[in-house]
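Chain identifiers are assigned alphabetically (A, B, ...) following the order of the sequence lines, protein sequences preceding nucleic acid strands; residue numbering begins at 1 within each chain. Since the model is a prediction, treat every value here as computed from it, not as a measurement.
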There are 2 protein chains.
Amino acid sequence: MGTDDMAKARQDGAGSEAARRRLQMADIARLAGVSTATVSRALNNSPLVNAETRGRILELAASLKYSINIGAQNLRLKQNRTIGVLIPYDRKTHLRLTDPFLLAMLGSVADALTEQGFDMLFSRLPTDRLGEAAATPFDTGRVGGIILVGQWGRHHELNELAARKVPMVVWGAHLPQQLYCCVGSDNVGGGMLATEHLIAQGRRRIAFFGDIDLPEPAQRYRGYCAALARHGIAVDPALQVSSPFLPSGGREAVETMQARGVDYDAVFACSDLLAMTAIDSLRAHGRRVPEDVAVVGYDDIEQSAYFHPRLTTVRQPIGAAGSALVASLLALIDGKPAPAVELPTELVVRASAGEAQGS
Amino acid sequence: MGTDDMAKARQDGAGSEAARRRLQMADIARLAGVSTATVSRALNNSPLVNAETRGRILELAASLKYSINIGAQNLRLKQNRTIGVLIPYDRKTHLRLTDPFLLAMLGSVADALTEQGFDMLFSRLPTDRLGEAAATPFDTGRVGGIILVGQWGRHHELNELAARKVPMVVWGAHLPQQLYCCVGSDNVGGGMLATEHLIAQGRRRIAFFGDIDLPEPAQRYRGYCAALARHGIAVDPALQVSSPFLPSGGREAVETMQARGVDYDAVFACSDLLAMTAIDSLRAHGRRVPEDVAVVGYDDIEQSAYFHPRLTTVRQPIGAAGSALVASLLALIDGKPAPAVELPTELVVRASAGEAQGS
DNA sequence: ATGAAAGCGCTAACAT
DNA sequence: ATGTTAGCGCTTTCAT
């Protein structure tokens, strides 16, 4: 008992100096006058324990607020009901997690994991270390699998992780030679919906705000070009601005267009954030939305519904996204095939472009 | 070796059927021709290993992408560098995590934890189970401490957790007889700032949108009343609407005022979300902001800067909030005293109430 | 129905 | 400088 007590007295690190020693199974066993094996069985509802014994143990544990140490249990069981969720950030631009779409995705994934009884380990990671560090939570055994929100131009490195059999699902665009399981929405279709709508509104000079070096905006741009082509409108490169997904993006894009001196009567922005900040900037330049410039956003984040003017946008099913990501990952972890999922996109017509001029 | 292999072959639960067996220290030791103790020392930069040996081991581990199993390490070290972050939800109202302020707080805490080298275990919890379940991640040994965003009217239960020595820091209002460590901002001061500003704009019929049954709005209301009193303006209960922090809150508050038939020339809303949705609704009722009704929000979430009209609001230092919460919690875990922290609030004057009528 | 004992992957005395 | 060994808190054979 001597060494035992000494070990228990040793308190350390990011540990437990404040709280007194955590209760453990041996304590419950001693107090209940049984072995730890019986306590374990009782707590895990094994049919091998006498009902009376089980009742006594459960009561004791509850009154003492004892819970099984999950770390030890996981170690013994070689299981892990925690999922790592990664939202990378671009070192060059901003460190703060403020993008409403990403935040909404985070909420959606959190809700889906909660529903499935999984915990969520949330990490941020600089994009330039994605390849080397994305798998760390898995390699260290902290999580059973990883959900990565966004590809961040690291397609190749993600493929390497998949080749290493890291259980991982990525939110992003479907790409050729994609080894990792990818869940995303129909970007080409979304781009077409937005552009077709603007054309139907009589717009012909439609600016495109979005970084076409990234897979998702690139596919939306393809949809945009396809819609223009269908109506015999030439694609004008001067109408495309490679805006990053940042609050400053919309303003900068409008300034860029101003500097180019190119005329335009509509904007298709690759996120609602870009659309909103662009509208704010257009207004500052004295251009009315939608009268002078019609604007269509992308995502349909909640704020779009009460922005002024209410935002016409391409809806990504954010709620369904979380469920789909989680479902695919759990399948992967289970050793089942997890094919790519493409969720539908849908045009939501509001005042910033379209009939509903009410707001 | 026989049993060993059998054990290794056993694959289970939310486990690892897909991936092949995870590498472990014993593998590295065997391949490097040393004992696991030496590998452990090398990987932990102990000065007790020969430089050459260490180099060989590190290289081997890196090339094999081996990382120490944190669960096992934690078990052995009785430490835990994971912090639980809880954002509760109200069962009656909404399940989805979409509140931009909460999301921003989450981002802020995540960034602060990352900076301190801690991982974040994120959970949602229904408010009606806060008392019983908030400590679960700690009781199960998953986390070394807990950050709870919001008090959610569970002051008493939170005190019980604190009495149980659960290392926990709560974002919220400072209350009398507060046993738990509380980090919040100056709500009374914030309420005064907002109201004083509206009075200075010549407004006299200032509506207050916020649920004064909750601690933070209650304190802001006290500031509001104090400012009115200082200017000899009577507090009119008909001007107060108990709006919940929901996207529907602003609209409902405006409808309520409409139904009451009470006249008002200003609104002080307890969150930017309420302010924005109220403005949207005022506009739908044909009332101009700020000409007919001046509106001041609360929080200064990022969107406030490009909302139309740009929102005058009481800034809560969201970035500092995350750092303060984390700092206090780490102190608590370290056994050091963690006194309550009250962060300053500050008025940000923009177009929705104030001089800057530009936007 | 219960207990003894081994072992999950790791670290730290204690040896050498 | 390195190996041996015990043990972190738990589950699960295998005995009884």
Side-chain angles (χ1 to χ4, degrees), chain A residues 1-13 15-16 21-30 32-54 56-57 61 66-80 139-142, chain B residues 1-13 15-16 21-30 32-54 56-57 61 66-80 139-142:
Chain A
M1 260 289 180
T3 18
D4 207 7
D5 289 335
M6 276 174 57
K8 282 170 183 169
R10 198 195 327 128
Q11 303 286 21
D12 39 10
S16 33
R21 193 179 67 85
R22 236 182 267 252
L23 230 45
Q24 52 195 101
M25 205 173 263
D27 301 314
I28 306 295
R30 193 174 343 102
V34 295
S35 73
T36 59
T38 301
V39 176
S40 172
R41 290 185 186 111
L43 260 26
N44 289 295
N45 292 313
S46 155
L48 293 160
V49 262
N50 183 303
E52 188 270 327
T53 317
R54 172 210 264 79
R56 194 155 40 90
I57 291 172
Y66 167 77
S67 314
I68 288 178
N69 181 316
I70 309 254
Q73 188 181 49
N74 283 347
L75 181 59
R76 176 62 230 232
L77 259 33
K78 288 166 163 276
Q79 69 169 12
N80 197 331
D139 290 334
T140 57
R142 307 190 58 95
Chain B
M1 262 287 180
T3 19
D4 207 5
D5 289 335
M6 276 175 56
K8 282 169 185 172
R10 197 195 325 127
Q11 304 285 21
D12 39 10
S16 32
R21 193 180 67 87
R22 236 184 267 254
L23 230 44
Q24 52 195 79
M25 204 173 265
D27 300 314
I28 306 295
R30 193 175 341 100
V34 295
S35 73
T36 59
T38 302
V39 175
S40 172
R41 290 186 187 111
L43 260 26
N44 289 295
N45 291 313
S46 156
L48 292 160
V49 262
N50 183 302
E52 188 271 327
T53 316
R54 173 207 267 83
R56 192 157 40 89
I57 292 172
Y66 167 77
S67 314
I68 289 178
N69 181 316
I70 309 254
Q73 188 181 50
N74 284 346
L75 182 59
R76 175 63 230 229
L77 259 32
K78 288 166 162 278
Q79 70 169 11
N80 197 331
D139 290 334
T140 56
R142 304 190 63 95

**Prompt:** Looking for any heavy atom pair under 4.0 Å, which part of the strands does Thr38(B) touch: base, sugar-phosphate only, or nothing?
**Reply:** sugar-phosphate
**Fill in**
Arg142(B) meets the salt bridge (charged side-chain N to carboxylate O under 4.0 Å, His left out) criterion, sequence neighbours left out, with Asp119(A)
**Prompt:** For Tyr66(B) and dC10(C), is the shortest distance between a side-chain N/O and OP1 or OP2 below 4.0 Å?
**Reply:** yes
**Prompt:** dT12(D) P sits how many Å from Leu75(A) CG, rounded?
**Reply:** 13 Å
**Complete:** Contacts of Leu75(B) meeting side chain to side chain contact (heavy atoms under 4.5 Å, CB included) (sequence neighbours excluded), chain-then-number -> Ala72(A), Leu75(A)
**Asked** Do the side chains of Ile68(A) and Asn44(A) get nearer than 4.5 Å, heavy atoms only?
**Response** yes
**Terminal helix-axis angle for the helix from dA1(C)-dT16(D) to dT16(C)-dA1(D), with five pairs defining each axis and rounding to 10 degrees** = 40°
**Asked** Using a heavy-atom distance cut-off of less than 4.0 Å, which residues of residues 42-49 of chain A contact DNA chain D?
**Response** Asn44(A)
**Request:** Not counting sequence neighbours, which residues clear salt bridge (charged side-chain N to carboxylate O under 4.0 Å, His left out) with Arg54(B)? List them please.
**Result:** none
**Asked** Taking only residues at least two apart or on different chains, which pairs with a member in residues 41-52 of chain A satisfy salt bridge (charged side-chain N to carboxylate O under 4.0 Å, His left out)?
**Response** Glu52(A)-Arg56(A)
**Asked** What's the closest nucleotide to the Ala37(B) side chain, out of dA12(C), dC10(D), dC10(C)?
**Response** dA12(C)
Under 3.5 Å, which N/O atoms of the protein pair with N/O atoms of nucleotides 14-16 of chain C?
none

**Complete:** Among dT12(D), dA1(C), dG9(D), the one nearest any side-chain atom of Ser40(A) is dT12(D)
**Complete:** DNA chain D nearest-nucleotide lookup for Glu52(B) and Ala72(B): closer to the 5′ end is Glu52(B)
**Request:** Measure from the side-chain heavy atoms of Val34(A) and tell me the nearest of dT11(C), dT11(D), dG3(C).
**Result:** dG3(C)
**Message:** Under the rule for side chain to side chain donor-acceptor pair (under 3.5 Å), what residues qualify as partners of Asp139(B), not counting sequence neighbours?
**Reply:** Arg164(B)
**Asp27(B) side-chain N/O to Gln24(B) backbone N/O, donor-acceptor pair under 3.5 Å** = yes
